[in-house]
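Data first, discussion second: the structure below is written as structure tokens.
Bear in mind that the values here come from a model prediction, so they are computed numbers and not experimental data.
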Amino acid sequence: PIPDVKFRAAYSHDIRAPNLQDLFATVSSGRTVVNLPANSPQPGLVETQTETRGNLNLDPETANTLTAGVVLAPSFLPGFSASFDYYDIKLKGAIGSVGGQSSVDFCYSGFSQFCSNLVFTGNQLTRILNQPVNFASQRVKGFDIEASYRTPLSAISESWPGTFSINAAITHNIKNVTDNLVFPVDRAGVINDGTDGSAPSWVYRISAFVDVDPVTLNLVARGFSSGVYSNEFIECTSACPASTIQHRTINNNHIPGAVYFDSSVSFKIPSLNNDTRFTFIVENILNRDPAPFGQDVNGDYNTVLQAARRYDTVGRKFRVSVTTKF
């Protein structure tokens with residue numbers, strides 16, 4: 001409507017056919033531990049083989065996507081721009097896999113379509129089949145915010161050379177609900193590695209640069225908000241309701257977030273006709289440890305391993321790079 005403000009929006013209907021990996025993935029084997037219920041032939045914790053493979057019976061995914069946003073570039077603040085974009089995605093026939101423990105839980109809760117994933121020899125569980133299927137639906141909502149500002153340092157003091165710039169990118173995950181034909185599960189705000197669609201409620205990265213030729217200084221703050229093991233868990237320590245497959249009771253459903261600081265200093269070294277740059281980088285300056293968290297509700301450490309990937313598990317790191325153009 002005016003040079004300082006721009007609105008943008010898009011609506012699309014999208015179709016994705018199963019890819020080669022979904023359809024024809026070769027069989028791979030592994031080991032897992034599952035907790036078989038009392039009404040199974042082999043109750044208790046059981047270690048068994050997993051068999052992962054493709055599925056030739058998959059149908060295409062279809063989705064309706066709405067995005068709407070605004071871009072601000074105010075004339076009274078030169079060098080500044082910001083954008084806000086909202087997204088709402090409705091996906092049908094989403095392609096995904098049901099994990100081993102989920103196959104067990106669903107099968108022995110009356111959902112017989114999942115029992116074919118469990119292979120018994122006599123009363124012993126010998127194998128769990130894991131292959132992609134078309135889930136009922138998935139709904140994802142959230143918004144992205146980006147902002148940047150750049151100004152010469154002479155705007156602060158006439159004697160200062162160089163420029164200052166700062167960039168920020170923030171994502172808010174409002175909803176990520178997958179209906180797997182049994183239980184709808186919202187993975188927004190769940191601290192996990194993201195392979196199942198989970199993501200913290202807030203994820204952010206802010207970078208600031210001071211460029212005084214031939215030196216560039218950079219400071220980065222990156223992190224994510226606190227979250228939970230699962231939105232379906234009920235946190236309580238007394239007078240707890242009956243624990244069910246979907247709504248298990250748990251005494252602590254909180255996982256803390258994290259913020260990390262990185263920095264770098266870069267020197268431009270003119271050499272002959274080459275543009276050579278030497279950079280020294282420090283990641284996780286404060287040497288922050290990952291958050292501690294417990295086993296999952298079935299007694300194994302799968303949740304720990306998956307959630308740990310969200311954190312810096314190495315500690316403070318130093319890197320050196322040299323680049324040149326010729």
Side-chain angles (χ1 to χ4, degrees), residues 1-10 66-88 140-174 188-189 194 199-227 257-270 275-288 310-312 316-323 325:
I2 59 175
D4 296 15
V5 180
K6 177 172 67 176
F7 294 104
R8 57 189 181 191
L66 170 67
T67 62
V70 59
V71 182
L72 305 176
S75 56
F76 60 83
L77 187 58
F80 175 81
S81 65
S83 65
F84 174 93
D85 289 286
Y86 169 83
Y87 57 87
D88 187 349
V140 179
K141 296 195 327 183
F143 60 79
D144 297 319
I145 300 174
E146 292 189 14
S148 65
Y149 178 64
R150 181 180 177 88
T151 182
L153 291 175
S154 59
I156 302 174
S157 174
E158 292 184 359
S159 62
W160 289 5
T163 59
F164 169 79
S165 61
I166 187 169
N167 304 287
I170 302 171
T171 295
H172 180 36
N173 298 291
I174 299 174
S201 293
W202 294 91
V203 181
Y204 54 88
R205 181 183 180 88
I206 303 172
S207 301
F209 296 86
V210 175
D211 189 356
V212 181
D213 194 48
V215 179
T216 301
L217 301 176
N218 173 229
L219 179 64
V220 175
R222 54 184 172 89
F224 54 89
S225 62
S226 61
V259 57
Y260 301 100
F261 294 95
D262 309 325
S263 184
S264 69
V265 55
S266 179
F267 302 91
K268 187 185 296 182
I269 307 174
D275 181 8
T276 302
R277 185 175 290 272
F278 174 85
T279 306
F280 179 73
I281 304 158
V282 184
E283 298 179 2
N284 192 0
I285 296 173
L286 301 180
N287 198 30
R288 177 166 183 160
R310 282 284 178 189
Y311 296 86
D312 185 333
R316 187 184 298 116
K317 298 184 288 292
F318 302 91
R319 294 192 290 119
V320 175
S321 72
V322 178
T323 60
K325 297 179 182 179

Mind checking whether [X] and [Y] have side chains closer than 4.5 Å, heavy atoms only?
X	Y	result
Val265	Thr279	no
Ile269	Val322	no
Val320	Phe278	yes
Val259	Arg288	yes

| Residues in side chain to side chain donor-acceptor pair (under 3.5 Å) contact with Asp312, at least two apart in sequence or another chain |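 Here the qualifying residues are Asn284, Lys317.
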| N/O donor-acceptor pair under 3.5 Å between His172 side chain and Ser201 backbone | yes
| Ser264 side chain to Phe280 backbone, donor-acceptor under 3.5 Å |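 No, Ser264 side chain to Phe280 backbone: no donor-acceptor pair under 3.5 Å.
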Can you give me the closest heavy-atom contact between [X] and [Y], atom names plus distance?
X	Y	value
Ala199	Asn173	CB-ND2, 3.5 Å
Pro200	Ser225	CB-O, 3.9 Å
Leu286	Arg316	C-NH2, 4.0 Å
Tyr149	Pro78	CE1-O, 3.5 Å
Ala208	Asn218	O-ND2, 3.0 Å
Ala221	Phe261	CB-CE2, 3.7 Å

Distance, nearest 0.5 Å, that separates [atom1] of [X] from [atom2] of [Y]:
X	Y	atom1	atom2	value
Leu77	Asp4	CG	CG	10.5 Å
Ile281	Asp262	CD1	CG	9.5 Å
Leu66	Tyr87	CG	OH	12.5 Å
Phe164	Asp211	CZ	CG	12.0 Å
Asp88	Phe143	CG	CZ	13.5 Å
Thr171	Glu146	OG1	CD	8.0 Å

| request: Please say whether more than 12 non-hydrogen atoms of neighbouring residues, nucleotides or ligands are located less than 6.0 Å from CZ in Phe7. | output: no
| query | If you draw a 6.0 Å radius around CZ in Arg150, do more than 12 non-hydrogen atoms from other residues or ligands fall strictly inside? | reply |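 12 or below, so no.
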| query | Phe224 and ring pair (Phe, Tyr, Trp, His ring centres under 6.0 Å): which partner among Tyr260, Tyr204, Tyr311? | reply | Tyr311
| message | Assess, by modelled atom type and distance only, whether the side chains of Asn167 and Ser207 contain a donor and an acceptor separated by less than 3.5 Å. | response | no
